[in-house]
Amino acid sequence: MTNFSPNMLKTYQSCPKKYYYKFVEQITVPMSFLKFEKGKKIHALANYYLKKVNISRIETALTEEEQNVWQLLLNNPYFQKKCYKSEYQLSCKLGKYWVGGRLDAVVYDDNWYYILDYKTGSVPKNPEYDCQTMIYLLCLNEQLPQVSHLSFVYIDLKDKRNHVIDF
(Lines give C-alpha, C1' and ligand atoms only; values in the text may rest on other atoms or scores of the structure.)
Protein backbone atom coordinates (compact mmCIF):
# COMPACT_ATOMS: atom_id res chain seq x y z
CA MET A 1 0.00 0.00 0.00
CA THR A 2 1.33 3.44 -0.90
CA ASN A 3 2.06 5.92 1.85
CA PHE A 4 1.51 9.38 0.31
CA SER A 5 3.97 12.07 1.33
CA PRO A 6 3.33 15.82 1.09
CA ASN A 7 5.84 15.95 -1.79
CA MET A 8 3.89 13.31 -3.71
CA LEU A 9 0.62 15.17 -3.22
CA LYS A 10 2.15 18.53 -4.24
CA THR A 11 3.66 16.95 -7.34
CA TYR A 12 0.32 15.43 -8.33
CA GLN A 13 -1.47 18.73 -7.69
CA SER A 14 0.97 20.65 -9.90
CA CYS A 15 1.23 18.03 -12.68
CA PRO A 16 -0.36 14.56 -12.66
CA LYS A 17 1.92 13.47 -15.51
CA LYS A 18 5.04 14.45 -13.56
CA TYR A 19 3.66 12.48 -10.59
CA TYR A 20 3.14 9.44 -12.82
CA TYR A 21 6.67 9.55 -14.22
CA LYS A 22 8.34 10.27 -10.89
CA PHE A 23 6.44 8.02 -8.49
CA VAL A 24 4.83 5.31 -10.64
CA GLU A 25 7.42 4.82 -13.38
CA GLN A 26 10.22 6.05 -11.06
CA ILE A 27 11.81 8.15 -13.79
CA THR A 28 13.64 11.19 -12.45
CA VAL A 29 15.23 14.12 -14.19
CA PRO A 30 18.94 14.48 -13.39
CA MET A 31 19.62 17.64 -11.43
CA SER A 32 22.40 19.34 -9.52
CA PHE A 33 22.20 18.78 -5.79
CA LEU A 34 24.62 21.61 -4.99
CA LYS A 35 21.79 24.00 -4.08
CA PHE A 36 20.56 21.49 -1.48
CA GLU A 37 23.93 20.93 0.23
CA LYS A 38 23.59 23.74 2.78
CA GLY A 39 20.13 22.52 3.84
CA LYS A 40 21.29 18.91 4.09
CA LYS A 41 24.24 19.91 6.28
CA ILE A 42 22.11 22.05 8.59
CA HIS A 43 19.48 19.31 8.92
CA ALA A 44 22.10 16.66 9.72
CA LEU A 45 23.84 18.94 12.22
CA ALA A 46 20.51 19.78 13.89
CA ASN A 47 19.65 16.08 14.17
CA TYR A 48 22.99 15.27 15.84
CA TYR A 49 22.70 18.28 18.12
CA LEU A 50 19.18 17.37 19.26
CA LYS A 51 20.32 13.79 19.91
CA LYS A 52 23.08 15.21 22.14
CA VAL A 53 25.96 14.09 19.90
CA ASN A 54 29.17 16.10 20.24
CA ILE A 55 29.17 18.20 17.05
CA SER A 56 32.16 20.45 17.75
CA ARG A 57 34.34 18.81 15.08
CA ILE A 58 31.53 18.88 12.51
CA GLU A 59 30.96 22.59 13.13
CA THR A 60 34.54 23.35 12.10
CA ALA A 61 33.82 21.95 8.62
CA LEU A 62 31.03 24.46 7.94
CA THR A 63 31.55 27.33 5.52
CA GLU A 64 31.09 30.85 6.88
CA GLU A 65 27.59 31.04 5.34
CA GLU A 66 26.63 27.65 6.82
CA GLN A 67 28.02 28.72 10.20
CA ASN A 68 25.81 31.86 10.11
CA VAL A 69 22.72 29.78 9.27
CA TRP A 70 23.59 27.27 11.99
CA GLN A 71 23.88 30.08 14.57
CA LEU A 72 20.46 31.41 13.50
CA LEU A 73 18.95 27.98 14.13
CA LEU A 74 20.75 27.51 17.45
CA ASN A 75 19.45 30.89 18.66
CA ASN A 76 15.89 30.28 17.53
CA PRO A 77 13.56 30.08 20.58
CA TYR A 78 11.66 27.10 19.16
CA PHE A 79 14.86 25.13 18.51
CA GLN A 80 15.88 25.70 22.15
CA LYS A 81 12.86 23.82 23.54
CA LYS A 82 13.10 20.23 24.83
CA CYS A 83 13.40 17.65 22.05
CA TYR A 84 10.80 14.90 21.83
CA LYS A 85 12.03 13.38 18.52
CA SER A 86 14.38 14.38 15.73
CA GLU A 87 14.12 13.21 12.10
CA TYR A 88 10.85 11.57 13.09
CA GLN A 89 9.14 9.30 10.55
CA LEU A 90 5.38 9.08 11.04
CA SER A 91 2.21 8.21 9.18
CA CYS A 92 -1.52 7.89 9.75
CA LYS A 93 -4.55 6.73 7.86
CA LEU A 94 -6.88 9.38 6.44
CA GLY A 95 -9.96 7.73 5.06
CA LYS A 96 -8.67 4.81 3.02
CA TYR A 97 -5.22 6.32 2.34
CA TRP A 98 -2.02 6.40 4.33
CA VAL A 99 -0.17 9.72 4.51
CA GLY A 100 2.98 10.70 6.31
CA GLY A 101 6.51 11.92 6.10
CA ARG A 102 9.61 12.72 8.12
CA LEU A 103 9.54 15.65 10.51
CA ASP A 104 12.74 17.60 11.13
CA ALA A 105 12.00 17.70 14.86
CA VAL A 106 9.25 17.69 17.45
CA VAL A 107 9.96 19.82 20.53
CA TYR A 108 7.87 20.72 23.56
CA ASP A 109 7.44 22.75 26.69
CA ASP A 110 4.82 21.90 29.27
CA ASN A 111 2.02 20.26 27.25
CA TRP A 112 2.59 22.30 24.07
CA TYR A 113 4.26 20.45 21.20
CA TYR A 114 5.80 22.02 18.10
CA ILE A 115 6.65 20.40 14.79
CA LEU A 116 9.77 22.15 13.51
CA ASP A 117 10.65 22.44 9.84
CA TYR A 118 13.93 24.26 9.18
CA LYS A 119 14.01 26.04 5.84
CA THR A 120 17.25 27.30 4.31
CA GLY A 121 15.29 27.94 1.11
CA SER A 122 11.69 29.04 0.74
CA VAL A 123 8.73 28.62 3.04
CA PRO A 124 5.49 27.73 1.21
CA LYS A 125 3.43 30.76 0.09
CA ASN A 126 0.45 29.92 2.31
CA PRO A 127 2.02 27.68 4.95
CA GLU A 128 -1.22 27.20 6.88
CA TYR A 129 -2.77 25.54 3.79
CA ASP A 130 0.31 23.62 2.66
CA CYS A 131 -0.02 19.83 2.32
CA GLN A 132 3.04 19.26 4.49
CA THR A 133 1.69 21.43 7.31
CA MET A 134 -1.72 19.78 7.33
CA ILE A 135 -0.49 16.19 6.98
CA TYR A 136 2.18 16.53 9.66
CA LEU A 137 -0.25 18.15 12.12
CA LEU A 138 -2.89 15.47 11.48
CA CYS A 139 -0.40 12.62 11.81
CA LEU A 140 1.23 13.90 14.99
CA ASN A 141 -2.18 14.61 16.51
CA GLU A 142 -3.01 10.92 15.88
CA GLN A 143 0.32 9.82 17.43
CA LEU A 144 0.00 12.06 20.50
CA PRO A 145 -3.72 12.28 21.33
CA GLN A 146 -2.99 13.34 24.94
CA VAL A 147 -1.31 16.58 23.80
CA SER A 148 -3.51 19.61 24.42
CA HIS A 149 -1.65 22.08 22.15
CA LEU A 150 0.08 21.40 18.85
CA SER A 151 1.66 23.82 16.39
CA PHE A 152 3.71 23.62 13.20
CA VAL A 153 6.67 26.01 12.97
CA TYR A 154 8.50 26.79 9.76
CA ILE A 155 11.85 28.18 10.89
CA ASP A 156 12.70 30.40 7.95
CA LEU A 157 16.50 30.69 8.13
CA LYS A 158 16.69 32.68 4.90
CA ASP A 159 14.34 35.49 5.96
CA LYS A 160 15.06 35.09 9.69
CA ARG A 161 11.50 34.60 10.88
CA ASN A 162 9.14 31.92 12.15
CA HIS A 163 5.79 30.96 10.65
CA VAL A 164 3.65 29.36 13.35
CA ILE A 165 0.47 27.45 12.47
CA ASP A 166 -1.63 26.24 15.40
CA PHE A 167 -3.59 23.02 15.06
Side-chain angles (χ1 to χ4, degrees), residues 2-24 28-29 31-44 46-47 50 65-66 68-70 72-81 83-109 111-145 147-167:
T2 301
N3 190 2
F4 293 99
S5 70
N7 181 38
M8 293 169 82
L9 296 172
K10 286 180 194 177
T11 302
Y12 184 82
Q13 185 179 25
S14 69
C15 180
K17 192 171 265 193
K18 182 177 179 182
Y19 172 89
Y20 175 78
Y21 288 132
K22 185 173 182 178
F23 296 107
V24 177
T28 56
V29 176
M31 59 188 300
S32 169
F33 291 99
L34 291 176
K35 70 178 190 174
F36 301 111
E37 286 303 311
K38 177 174 51 175
K40 286 170 50 178
K41 283 182 183 178
I42 297 300
H43 278 77
N47 183 39
L50 291 173
E65 180 187 1
E66 292 164 346
N68 291 336
V69 171
W70 175 238
L72 283 173
L73 183 58
L74 277 177
N75 294 323
N76 188 287
Y78 289 99
F79 192 72
Q80 295 174 3
K81 295 184 182 304
C83 181
Y84 172 69
K85 299 246 183 184
S86 178
E87 293 298 325
Y88 182 36
Q89 187 80 28
L90 82 165
S91 61
C92 68
K93 195 169 185 181
L94 293 178
K96 59 182 182 173
Y97 299 102
W98 283 91
V99 295
R102 189 174 70 231
L103 286 63
D104 292 347
V106 178
V107 298
Y108 66 96
D109 58 13
N111 201 28
W112 201 298
Y113 281 67
Y114 305 88
I115 298 168
L116 302 185
D117 190 6
Y118 335 121
K119 295 291 189 192
T120 55
S122 308
V123 169
K125 285 187 177 154
N126 296 305
E128 63 276 9
Y129 300 111
D130 188 72
C131 287
Q132 180 180 5
T133 307
M134 292 186 280
I135 287 172
Y136 288 4
L137 283 168
L138 287 168
C139 287
L140 192 59
N141 187 61
E142 285 285 315
Q143 299 279 320
L144 301 172
V147 171
S148 59
H149 301 295
L150 179 60
S151 296
F152 189 107
V153 181
Y154 284 102
I155 299 178
D156 185 344
L157 297 165
K158 186 171 88 174
D159 292 334
K160 301 176 185 157
R161 53 187 285 222
N162 297 320
H163 304 266
V164 182
I165 299 99
D166 293 329
F167 185 62

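The figures here come from the full heavy-atom set of this structure, side chains too, leaving out hydrogens, waters and symmetry mates.
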Sidechain-backbone polar pair: D130 side chain, Q132 backbone, donor-acceptor under 3.5 Å: yes
Modelled atom types, side-chain donor and acceptor of H43 and D104, under 3.5 Å: yes
Trace of the side chain to side chain contact (heavy atoms under 4.5 Å, CB included) decision for Y114 with L150: CA-CA 6 Å; Y114 305 88; L150 179 60; over 6 Å; no
Gap separating the CG atom of L144 from the OH atom of Y108, nearest 0.5 angstrom: 11.5 Å
For L72, the option from I42, L157, T120 that meets side-chain contact (heavy atoms from CB on, under 4.5 Å): L157
Separation of L50 CG from K85 NZ (nearest 0.5 Å): 13.5 Å
Interatomic spacing from CG in L73 to NZ in K119 - rounded to 0.5 Å: 13.0 Å
Flag, side chain of D156 to backbone of K158, donor-acceptor distance under 3.5 Å: yes
K41 NZ to W70 CH2 distance, which is reported to the nearest 0.5 Å: 13.5 Å
Between CD on residue E142 and CG on residue L137, distance to nearest 0.5 Å: 12.5 Å
Trace of the side chain to side chain contact (heavy atoms under 4.5 Å, CB included) decision for C139 with V99: CA-CA 8 Å; C139 287; V99 295; 4.0 Å; yes
Side chain to side chain contact (heavy atoms under 4.5 Å, CB included) assessment of D166 paired with W112: CA-CA 10 Å; D166 293 329; W112 201 298; 3.9 Å; yes
Under 3.5 Å donor-acceptor, N76 side chain and Y78 backbone: yes
Ring center gap for F167 and F152 short of 6.0 angstrom: no
Side-chain donor-acceptor pair present, Y154, T133, cut-off under 3.5 Å: yes
D117 side chain reached by I155 side chain, heavy atoms, under 4.5 Å: no
Closest contact, heavy atoms only, P77 versus K81: O-CG, 3.6 Å
Check: L103 and L116 side chains under 4.5 Å, non-hydrogen atoms: no
E66 with K38: basic N within carboxylate O range, under 4.0 Å: no
Taking every non-hydrogen atom, the tightest pair across N47 and S86: OD1-OG, 2.6 Å
Residue pair H149 / Y113, side-chain heavy-atom distance below 4.5 Å: no
Heavy-atom donor-acceptor pair, Q80 side chain to L74 backbone, under 3.5 Å: yes
Nearest-0.5 Å distance, CD1 of residue I165 to OG of residue S151: 8.5 Å
